[in-house]
Amino acid sequence: MERYGIITSKQKREIVLLRGRGCAYAKCTFCDYHLDKCPDEDANFNLNREVLNRVTGEYGNLEVINSGSVFELDGKTLDYIKEICKSKGINILHFESHYMYRNRIPALRREFSDFTLKMKLGLETFDFDLRENVMCKGISERNPVEISRNFDEANFLFGIFGQTVQSMERDIITGLNLFERICVNIMCENSTSVAPDEKVIAEFKSKLYPKYADNENIDILINNTDFGVGE
Ligand code: SF4
């Protein structure tokens, strides 16, 4: 499993895939990366410290992901993230979080007030029925403005049965209106029962990818390892 990568296009940054105690939600039907977890906080810290020691600070911008939410990382890892960022001159720091932790974000921003924090929401789509009845994402809020409150960035998941060019483009446009940046992930085969819909993916690639590929505010991951981390 590669846990360190460098993103050299659009918003250049380093990225680390750390390990936490595990996603406390763990019910999204399409997801198996929440399996990357360990209940032993010391073992997690030792692993995370090694990964963080590879950070150079070359872009002053670091994205931290952990197959779950930042709130599931141990305290020593969080302190070490601060230490590394300070020593390497990193001032922009991205974390991911499930919607259920939204009320803890203001306190996290205060805790990391030496940095500009960019909180990324795992949203997947604004389409309530698809998100909650198919993906089982656990976001009961329907209002897009309300959903985006507390978050700066969002992940979307395309390539699922039922999505159309129109619905995916609606997500992109609304996402760009409500967030500073969005990340589009194309569904890949994994160990869950949710399969990529090749027809939807082909439609995305032919009609939407050419239109948005150069948009500086959208990262598009055709393969889930395109950021250089994962397996
Ligand atoms: S997508 Fe995120 S919130 Fe959902 S189960 Fe996976 S790690 Fe947890």
Side-chain angles (χ1 to χ4, degrees), residues 1-3 5 15-39 41 44 47-48 51 63-74 77-78 81 94-105 108 117-142 146-163 168 171 175 179 181-197 201 219-227 229-231:
M1 167 95 75
E2 182 53 75
R3 293 187 180 273
I15 182 166
V16 287
L17 169 56
L18 303 185
R19 192 176 67 191
R21 71 182 77 95
C23 173
Y25 181 68
K27 293 187 197 123
C28 302
T29 51
F30 58 87
C31 169
D32 64 1
Y33 46 80
H34 61 75
L35 299 171
D36 181 34
K37 63 180 178 181
C38 176
E41 299 214 330
N44 289 337
L47 173 79
N48 295 339
V51 178
E63 178 156 357
V64 175
I65 59 176
N66 60 289
S67 307
S69 301
V70 59
F71 300 100
E72 291 142 5
L73 289 173
D74 66 275
T77 291
L78 289 175
I81 291 170
H94 309 250
F95 287 131
E96 283 186 332
S97 175
H98 187 278
Y99 190 69
M100 67 185 174
Y101 291 115
R102 63 196 177 284
N103 294 331
R104 290 178 60 182
I105 291 175
L108 187 75
L117 222 60
K118 301 293 182 188
M119 293 301 301
K120 194 186 246 186
L121 170 67
L123 174 60
E124 322 310 348
T125 176
F126 285 107
D127 179 330
F128 184 88
D129 182 50
L130 177 64
R131 189 181 71 230
E132 300 310 321
N133 297 327
V134 178
M135 299 178 179
C136 299
K137 192 68 208 179
I139 302 177
S140 57
E141 179 61 54
R142 288 174 183 266
E146 196 51 42
I147 289 173
S148 69
R149 198 183 300 278
N150 286 311
F151 292 94
D152 310 287
E153 305 177 336
N155 277 320
F156 289 82
L157 182 63
F158 292 170
I160 302 281
F161 178 76
Q163 288 180 311
M168 292 186 281
D171 275 338
F179 300 102
R181 303 193 80 246
I182 63 171
C183 179
V184 169
N185 299 279
I186 301 301
M187 182 70 201
C188 295
E189 200 78 54
N190 63 20
S191 64
T192 71
S193 59
V194 178
D197 186 312
I201 294 173
D219 292 319
I220 301 176
L221 276 71
I222 300 290
N223 297 301
N224 54 8
T225 50
D226 282 351
F227 273 161
V229 293
E231 61 184 3

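Side chains included, hydrogens not; waters and symmetry mates left out as well; all remaining heavy atoms used. For ligands, and for the atoms within them, numbers begin at 1 and follow the listed sequence.
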Taking the basic N atoms (NZ, or NE/NH1/NH2) and the acidic carboxylate oxygens, is any pair closer than 4.0 Å for [X] and [Y]?
| X | Y | answer |
| --- | --- | --- |
| Glu124 | Arg131 | no |
| Glu132 | Lys137 | no |
| Lys120 | Glu63 | yes |
| Arg181 | Asp219 | yes |

Legend entry - Tyr33: numbered ligand 1 atoms lying under 4.0 Å from its heavy atoms: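 With Tyr33 as reference, the close atoms of ligand 1 come out as 1 (S), 6 (Fe), 7 (S).
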Inset, instruction - Note the single closest protein heavy atom to atom 2 (Fe) of ligand 1, along with its residue, its atom name and the distance in Å. - result: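 So the nearest neighbour among protein heavy atoms is Lys137 NZ, 4.1 Å.
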Inset, instruction - Output, by chain and residue number, all protein N/O/S atoms separated from atom 8 (Fe) of ligand 1 by less than 2.8 Å. - result: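 Metal shell, protein only: Cys23 SG.
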Inset, instruction - Could you point out which residue of Leu73, Leu47, Asp74, Asp36 forms a side-chain contact (heavy atoms from CB on, under 4.5 Å) with Leu18? - result: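 The residue from Leu73, Leu47, Asp74, Asp36 that satisfies side-chain contact (heavy atoms from CB on, under 4.5 Å) with Leu18 turns out to be Leu73.
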Inset, instruction - Start with the C-alpha distance between Tyr33 and Asn190, add both sets of side-chain angles, then the distance that settles side chain to side chain contact (heavy atoms under 4.5 Å, CB included), and finish with yes or no. - result: CA-CA 9 Å; Tyr33 46 80; Asn190 63 20; over 6 Å; no
Legend entry - Near-ring test Phe126/Phe156, centroid separation under 6.0 angstrom: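 Yes, the ring centres sit under 6.0 Å apart.
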